[in-house]
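Here is the structure we will look at, set down as structure tokens.
Small disclaimer: the values here were computed from a predicted structure and weren't measured. Order of appearance sets the numbers: ligands from 1, and atoms from 1 within every ligand.
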Amino acid sequence: MFLEEDFWSTWIQSIPVLELSRGRRFRPELKEAFFEYLGLSRHAKVLDVGCGPGTFTRYLARYVEPPGLIWGVDKDRVFVDYARRKAEEEGISGYVKYAVADALALPFDEGTFDAVMSYTLIEHVPDPEALVREMIRVCEPGGTVSVMGVLAVEPKFKPPQDSLDRRIEELFRKLQRAIEPLKEKHHVGRGLPIERVPELFDRLGLKEIRISGFYTPFCIDDARYPREERERMLLEEFTKPIEDFVLKLLKAFPDRFREGSPACAEAEELLRLIWVRHKRRLRELRAGVKRWEIQENPSLIVSGRK
Ligand SMILES: C[S@@+](CC[C@H](N)C(=O)[O-])C[C@H]1O[C@@H](n2cnc3c(N)ncnc32)[C@H](O)[C@@H]1O
């Protein structure tokens, strides 16, 4: 459970959480923008660094084809095994490949790829400069290196929370403290904010640096999603991840969450409350009640030519 190789998928974001959220962000209508900004072409050799469960690599595989080649690398073996399995299932494994690798020591020769990119990785690596140097190294001269990430913007309007939401948030935050040392050890959120990437690209000698982006707000009441999809998102993204997290905590820290201890009581309270909220939201969804809560994740793309 404390293995290096499944840290992210165990403690930070599970496969369904990344697949669902990224699946919504990489919309088909953005294809042209990605091609333009990331320097892609139909037969490009592409590398996605820190690819997670491979959502973006499979998105690209719809538009890049052999002799083009797509590689995804990630430190988390659970993600890489899943991504490989999905590529097999989708019949694209001949040109979509994965490897377990550290982004700071990429297992590729100099100049292997036409386009090298990452999405929400630089924010989490201990040495962002080493990451970009590695991305530049494996990119061919004239190729494009791009770093993408989510901009930190404060929404002007926050949907009102009731006492149930507030209590769930309070308990969840408290329990999260138990894994703070682990997050620190793995540099979660301790790398470089995306806003500072252009300066780094400039310093490392990338040319024609361009700042672009994509914006794919999410609202569960959006007419894009059929009812079953909404129910699945509610369960897999909003309720199950909290339940899984609490159950893993109880198992991983038996002394801290001893039966009868205040910490254990709080964990049990949270487990109960998330299902109270889940049932309430499910009833609302089924009755057609809309909340129109919008989650915003504007993404910045910084790209440069080697
Ligand atoms: C926020 S997730 C993003 C995953 C994927 N890019 C996506 O958007 O779905 C960050 C990913 O970076 C990976 N990661 C963190 N540090 C890494 C490193 N040094 N080398 C390779 N992967 C790393 C994690 O395992 C995780 O999959």
Side-chain angles (χ1 to χ4, degrees), residues 1-27 30 34 38 46-61 70-87 96-108 113 115-135 137-138 145-152 179 182-194 197 213-216 218 236-237 241 245 295 297-302:
M1 188 155 280
F2 288 105
L3 290 179
E4 177 85 10
E5 60 177 24
D6 66 358
F7 167 73
W8 203 280
S9 55
T10 304
W11 291 110
I12 308 298
Q13 286 159 312
S14 65
I15 291 171
V17 165
L18 279 175
E19 281 271 71
L20 284 165
S21 67
R22 279 22 181 196
R24 288 193 304 262
R25 285 183 207 174
F26 308 134
R27 289 186 186 158
L30 294 174
F34 283 129
L38 305 176
V46 184
L47 171 65
D48 182 16
V49 187
C51 64
T55 323
F56 193 55
T57 49
R58 283 192 304 282
Y59 171 88
L60 294 177
I70 301 171
W71 270 92
V73 297
D74 201 283
K75 218 159 76 162
D76 192 307
R77 182 174 295 281
V78 173
F79 287 150
V80 171
D81 287 347
Y82 169 87
R84 276 203 191 112
R85 235 179 13 252
K86 288 289 282 185
V96 183
K97 310 276 183 195
Y98 298 95
V100 175
D102 184 354
L104 307 185
L106 293 170
F108 301 105
F113 299 98
V116 182
M117 70 213 49
S118 65
Y119 183 62
T120 58
L121 170 69
I122 203 159
E123 301 85 342
H124 311 296
V125 294
D127 188 345
E129 181 170 326
L131 167 66
V132 177
R133 280 190 193 285
E134 269 301 82
M135 293 173 80
R137 183 183 67 75
V138 302
V145 173
S146 310
V147 167
M148 305 186 274
V150 174
L151 264 180
I179 63 155
L182 265 184
K183 283 166 86 174
E184 199 173 324
K185 178 171 171 248
H186 289 267
H187 305 279
V188 180
R190 288 159 175 86
L192 191 71
I194 186 71
V197 172
F214 62 100
Y215 178 58
T216 44
F218 166 63
E236 302 242 27
E237 268 184 275
F245 173 75
Q295 277 181 20
N297 291 293
S299 296
L300 206 68
I301 303 176
V302 183

State if [X] counts as touching ligand 1 under the rule of any non-hydrogen atom under 4.0 Å.
X: Leu104; answer: no
X: Gln13; answer: yes
X: Ala101; answer: yes

Consider every N or O of [X] and every N or O of ligand 1, then say whether any pair is closer than 3.5 Å.
X: Lys75; answer: yes
X: His124; answer: no
X: Thr55; answer: no

(request) Quick one: look at Tyr119 and ligand 1, take heavy-atom pairs under 4.0 Å, and tell me if it's side chain, backbone, both or neither. (result) both
Taking [X] for the side chain and [Y] for the main chain, is one N or O donor matched with an acceptor at less than 3.5 Å?
X: Glu134; Y: Leu106; value: yes
X: Arg190; Y: Val188; value: yes
X: Asp48; Y: Gly72; value: no
X: Glu184; Y: Leu182; value: no

Starting from [atom], locate the nearest protein heavy atom and write down its residue, its atom name and how far away it is, to 0.1 Å.
atom: atom 7 (C) of ligand 1; result: Arg22 NE, 3.5 Å
atom: atom 11 (C) of ligand 1; result: Asp74 OD2, 3.8 Å
atom: atom 16 (N) of ligand 1; result: Leu121 CD1, 3.8 Å
atom: atom 19 (N) of ligand 1; result: Asp102 OD1, 2.9 Å
atom: atom 6 (N) of ligand 1; result: Gly50 O, 2.7 Å
atom: atom 10 (C) of ligand 1; result: Thr120 O, 3.4 Å

So if I count the atoms of ligand 1 from 1 in the order they appear, which ones are less than 4.0 Å from some heavy atom of [X]?
X: Leu18; value: 9 (O)
X: Cys51; value: 5 (C)
X: Asp76; value: 25 (O)
X: Gly52; value: 4 (C), 5 (C), 27 (O)
X: Phe79; value: 27 (O)
X: Ala103; value: 18 (C), 19 (N), 20 (N), 21 (C)

(request) Indicate, with yes or no, if the rings of Trp8 and His124 have centres closer together than 6.0 Å. (result) yes
(message) I want to check something: taking the side chain as every heavy atom from C-beta on, are Val96 and Lys86 in contact at a cut-off of under 4.5 Å?
(response) no
(request) Flag the pair Leu30 / Thr216 as yes when at least one side-chain heavy-atom distance between them is below 4.5 Å, and no otherwise. (result) yes
(message) Would you call the rings of Phe26 and Phe56 parallel, tilted or perpendicular, taking 30° and 60° as the class edges?
(response) tilted
Sequence neighbours left out, cut at 3.5 Å: what donor-acceptor pairs do the side chains of residues 97-104 make with other protein atoms?
unit_1, atom_1, unit_2, atom_2, d
Lys97, NZ, Ser93, O, 3.1
Tyr98, OH, Thr57, OG1, 2.6
Asp102, OD1, Leu104, N, 3.0

(request) Can you see which heavy atom on Leu60 is nearest to which on Met117, and at what distance? (result) CD1-SD, 4.0 Å
(request) Would you please say whether a donor-acceptor pair under 3.5 Å links the side chains of Arg25 and Tyr119? (result) yes
(message) As an exercise, state the distance from CG of Leu38 to CD1 of Ile301, rounded to the nearest 0.5 Å.
(response) 5.0 Å
